[in-house]
Amino acid sequence: MKEALEAVIKQKVREIYGLEIESFTIEKPKDDNLGDLATNVAFLLSKKLRRDPKSLAQQMAEHLSNEEFSAEALGGFINFTFSDDYLKREFTELLRKGEAYFVEDMGKGESLQVEFVSANPTGPLHLGHGRGAVVGDVLANLLKTYGYKVVREYYINDAGYQVYLLGLSILYRYKKLFGEEDEQLKDVYEREGYKGKYIDELAKDVKAFYGSSLLKEDRDKAINLLKDYGVKRLLEEIKSTLELLNIRFDVWYSEKALYLEGKVQKVVDLLMERGYTYEKDGALWFKSTEFGDDKDRVLIRSDGTYTYFAGDIAYHWEKYQRGFSKVINIWGADHYGYLPRLKGALTALGIPENWLNVQLVQMVRLFSEGQEIRMSKRTGEFITLKELIEDVGSDAVRFVFLTKRSDTPLDFDIELIKRKTSENPVFYVQYMHARIMGVFREVHTRYQIDIDKEYLQTFVPFLKESQEIKLIKRVLFLKDNIKEAVLRLHPHIITYELLDLAKDFHSYYNHYRVILEDRNTMLSRIALLKGIELSVKFGLKLMGVGAPDRM
RNA sequence: GUCCCCGUAGCUCAGGAGGAUAGAGCGCGAGAUUCCUAAUCUCGAGGUCGGAGGUUCGACUCCUCCCGGGGACGCCA
C-alpha cells in the first residue's frame, strides 16, 4: 500500500516543484480518524523551498487525490484515506491470490546464511538458546519467503577446551561410579567441569558400554574418547530438542573439521602476510586495536594451540568463500564484546563491513506464578528447553519468544502461558483462526456452502460496516508490515500485527453475526472471514506456529 | 574503572532515520451470553515517556551531563 503512494508523491513533487525528494516518511497517522496513511513531505519541502509547510501541504493535497485515495492537508501533514472501492478491489485480489498476495521477491535470489543456536555440545539447550533458535528460524523463514536463498547453519564447537572439559567431566564421574576418586582430575573438575545430571547419565551409559575397561586407560586417551562420545550424544540431544520446535538445519558445520582441513592455519597465515599479527610472550596476536577493539587478541597461544577466535575467523572466511552475499549471526547478548574483534579480523581480510550482520538475542527469565525460577549453569540446576517445550508445547514457546524485540530481555511465565484466556496471547490469536473455521463448518452443515475463494470474491462489494472496512485495511496492511519485518530483521512485528488483527476480529465477531437470512450479507462476511483466515494462517506459518481448526 | 544496552500507565512491554491529542496486553472497577466457540466482547480509572540542560518551527525520539537497572571487558568458548 505504501509503495504505490510513495511513487505518486515523488512524481507529483517532480511535476509541481521540479524537485527530486527521497527521504520523506509515509506512516500511519497517530489517530485512525485522520486517515490511513500520512506523509511529512510538506515539512521537508518547506525547508528546500522556504515556504510555509501548511500551504505547501494544501497545494499538494489538491493534486494528489485520485480514485484510489483522497488526500487532505492538515497542519503540514497530508493525510490519505483509501476509498472503499479501492480497498475492496485489493481485498478481492487477496482472495484471488491467497497467500501469494503478501509475498514479493525482495531478495531476487540473493544468497544468505543464517547461523543460529550454535550452542556448545557440552550440555542440553537452555531457554536462551531456544529464543535464538526461534528468532533465527523465523528470520530464515521470512527471508526465504521473500525471495532470498537461505542456508540455515549450526556451527558445532567440537574442538577446544570446552569439549575437552566435557570429556574430562564424564571420565571423572565415570570413575566415581566405580568408587574411584581421580585426584588428578578432581581439581579441574571442581573448578571448571560440567556438573549437570546429564553428565552422570552419560557416565552411566559409558559404564554400561565399556564396563571397567576405561579405568586403566591412559587419561588423555580416555578423555579424548569420552569427549567425542559426549559431543555425539549431546548433539543428538540438541537435534531432538530443536526437532520438537520444528527447527531443522541445512548445514551442521564442524569446528574440528576446520582444523583437520588446515583452514585455521591458512587464515592465520593470511593475516600474518598482511601484517596484522605480531608475536609477544610466546603467543601470536592479532592487531584488533587497529580496528577499534579495546585490546589485541591472541590467535595462537604460547602452548601452540589455536584460540576459539582463530577458528572463528577461519569459519567466517570459509563462509565468505562459499559466496554468501550476507551472513546473519544470531548471538546471545553475552557475546556482544566479541563482535569488534571478529569484525576487525574480517575487515583485515578485506571483507566488506556490512557483510556480517549480528542479531543479539537477550536472555530469557523464567517465571512461575510471578516467581522467578533462577537458573544456574554452575550447579547444573536449570530448566532445560526440552522440559519447557514438553510442558507448554512448541506453539506457545515459539510464539512467546517472538512477542518482544529479540534484543531486549524476555520474561516467560509458564503458568500464564498454560492458561486458556485472553491473558495468553498465543491462544488469543489461535482462537481467532479456530472461530473462523467454526463458522465455515457451520455454514457448510447448514447450507452446504463450500468456502470457495472464487465464488466468494463476487460478494466483497456487499461489505459495508465500518468495522468490516477496518478489518480489510488491517489485512491489506499486513503486507507492508511483514515486509518491514523482513527489512529490519524484526520478526516480532508480525506477532504484534496478528495480536492487533485478533483484537479487531474478536470485537467484530461479538458484534456482527455472519450466518444470516440475507444471503448477500452472509456471503460477504464469509468472504471477509476467508481473507482474515488466510492472513492469519500465513502469519502464523511464518512464525512456525500452528493455526488450529478447533480448540 | 572502561565500554555497550536499557529506563514509556500498578506490572510486562510496543512505538522511534524528529511531526499532529503518547499505544497495547495484563492487573483493577463496572457491565454483556434466547443467537456462528464467553478461550470472547463493551465501558472506565490509570502517564511531568528516569532527571536536568541543549539543538529545532516542532523532542518520548537527536546531543551533553546526572541518577537508576542490566551486560561485556580471559592465551574460555
Side-chain angles (χ1 to χ4, degrees), chain A residues 23 25 27-31 33-34 38-40 42-44 46-47 52-54 74-77 79 118-120 122 155 157 159-165 192 255 280-285 293-295 297-312 332-340 360 362-363 367 370 403-405 407-411 413 416 419-428 430-432 434-443 445-446 492-493 495-496 499-500 502-503 505-516 522 525-526 529 550-551:
Chain A
S23 60
T25 60
E27 50 195 18
K28 265 194 147 88
K30 295 270 176 196
D31 185 340
N33 296 323
L34 293 171
T39 179
N40 65 348
F43 288 101
L44 302 172
S46 86
K47 267 179 200 157
D52 166 38
K54 278 187 190 170
L74 187 70
F77 292 93
N79 297 319
S118 297
N120 287 350
T122 53
Y155 182 49
N157 304 132
Y161 192 54
Q162 298 300 326
V163 283
Y164 168 81
L165 283 176
E192 302 178 283
E255 181 187 6
K280 196 184 87 182
D281 305 331
L284 186 76
W285 297 71
D293 199 4
D294 321 333
K295 50 175 140 181
R297 309 288 175 172
V298 171
L299 293 169
I300 303 179
R301 300 185 187 97
S302 46
D303 68 3
T305 59
Y306 293 99
T307 58
Y308 172 82
F309 179 43
D312 207 24
D334 54 340
H335 285 63
Y336 181 77
Y338 180 74
L339 189 56
L360 294 176
Q362 279 284 2
M363 55 189 278
F367 285 76
T403 49
K404 287 187 58 178
R405 276 178 63 138
D407 56 358
T408 56
L410 176 83
D411 292 345
D413 193 312
L416 185 147
R419 234 169 272 164
K420 295 180 172 182
T421 67
S422 59
E423 296 164 72
N424 181 343
V426 191
F427 284 93
Y428 193 69
Q430 289 186 324
Y431 185 46
M432 156 168 57
R435 269 184 150 174
I436 293 173
M437 295 312 280
V439 173
F440 291 172
R441 280 194 298 273
E442 186 66 21
V443 168
T445 34
R446 283 202 210 172
H492 77 281
I493 293 174
T495 319
Y496 275 91
L499 283 166
D500 283 346
K503 186 178 165 62
F505 167 77
H506 288 307
S507 172
Y508 174 71
Y509 187 89
N510 265 270
H511 286 96
Y512 296 91
R513 298 195 53 76
V514 175
I515 298 171
L516 302 157
M522 174 169 82
R525 290 180 179 176
I526 291 171
L529 261 52
R550 53 181 93 221
M551 291 168 73

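A note on names: the letters A, B, ... follow the listed sequences, proteins ahead of strands, and every chain is numbered from 1. Any value given below was found using the heavy atoms of this structure, including those in side chains, with hydrogens, waters and symmetry copies removed.
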Review point. With no angle test and no hydrogens, is the base of A20(B) tied to the side chain of Asn79(A) by a donor-acceptor pair under 3.5 Å?
Key: yes

Exercise for review: With heavy atoms under 4.0 Å as the rule, sort Tyr338(A) into base, sugar-phosphate or nothing.
Suggested key: base

Exercise for review: Could you check whether Tyr508(A) gets within reach of a base, just the sugar-phosphate, or nothing at all, counting any heavy atom under 4.0 Å?
Suggested key: nothing

Practice item. Using a heavy-atom cut-off of under 4.0 Å over every strand shown, decide if Ser302(A) touches base, sugar-phosphate, or nothing. Key: base

Exercise for review: Look at His492(A) and G15(B) and indicate whether a side-chain polar atom (N or O) is within less than 4.0 Å of OP1 or OP2.
Suggested key: yes

Practice item. Would you check if the side chain of Arg405(A) reaches a backbone N or O of His492(A) as a donor-acceptor pair within less than 3.5 Å? Key: no

Practice item. Assign Glu442(A) to base, sugar-phosphate, or nothing according to its heavy-atom contacts below 4.0 angstrom with the strands shown. Key: sugar-phosphate

**Study point:** OP1 or OP2 of A24(B) under 4.0 Å from side-chain N/O of Lys503(A)
**Key:** no

Practice item. Check whether any side-chain nitrogen or oxygen of Tyr428(A) sits under 4.0 Å from OP1 or OP2 of C41(B), and answer yes or no. Key: yes

Exercise for review: Return no unless some side-chain N or O of Arg301(A) is found under 4.0 Å from OP1 or OP2 of C76(B).
Suggested key: yes

Practice item. Examine C75(B): is either OP1 or OP2 under 4.0 Å from a nitrogen or oxygen in the side chain of Thr305(A)? Give yes or no. Key: no

Study note, to complete from the structure: Here RNA chain B, pairs taken as Watson-Crick or G-U under 3.5 Å and shown with ( ), [ ] when crossing and | when to another strand, reads (((((((..((((.....[...)))).(((((.......))))).....(((((..]....))))))))))))....

Exercise for review: Check every strand shown and say whether Thr408(A) touches a base, only sugar-phosphate, or nothing at a heavy-atom separation below 4.0 Å.
Suggested key: sugar-phosphate

Revision key, fill the gap. Rounded to whole Å, CG of Asp413(A) lies from P of C11(B) at a distance of 16 Å

Study note, to complete from the structure: Hits for salt bridge (Lys or Arg N to Asp or Glu O under 4.0 Å) against Asp293(A), two or more places apart or cross-chain, chain-then-number order -> Arg297(A)

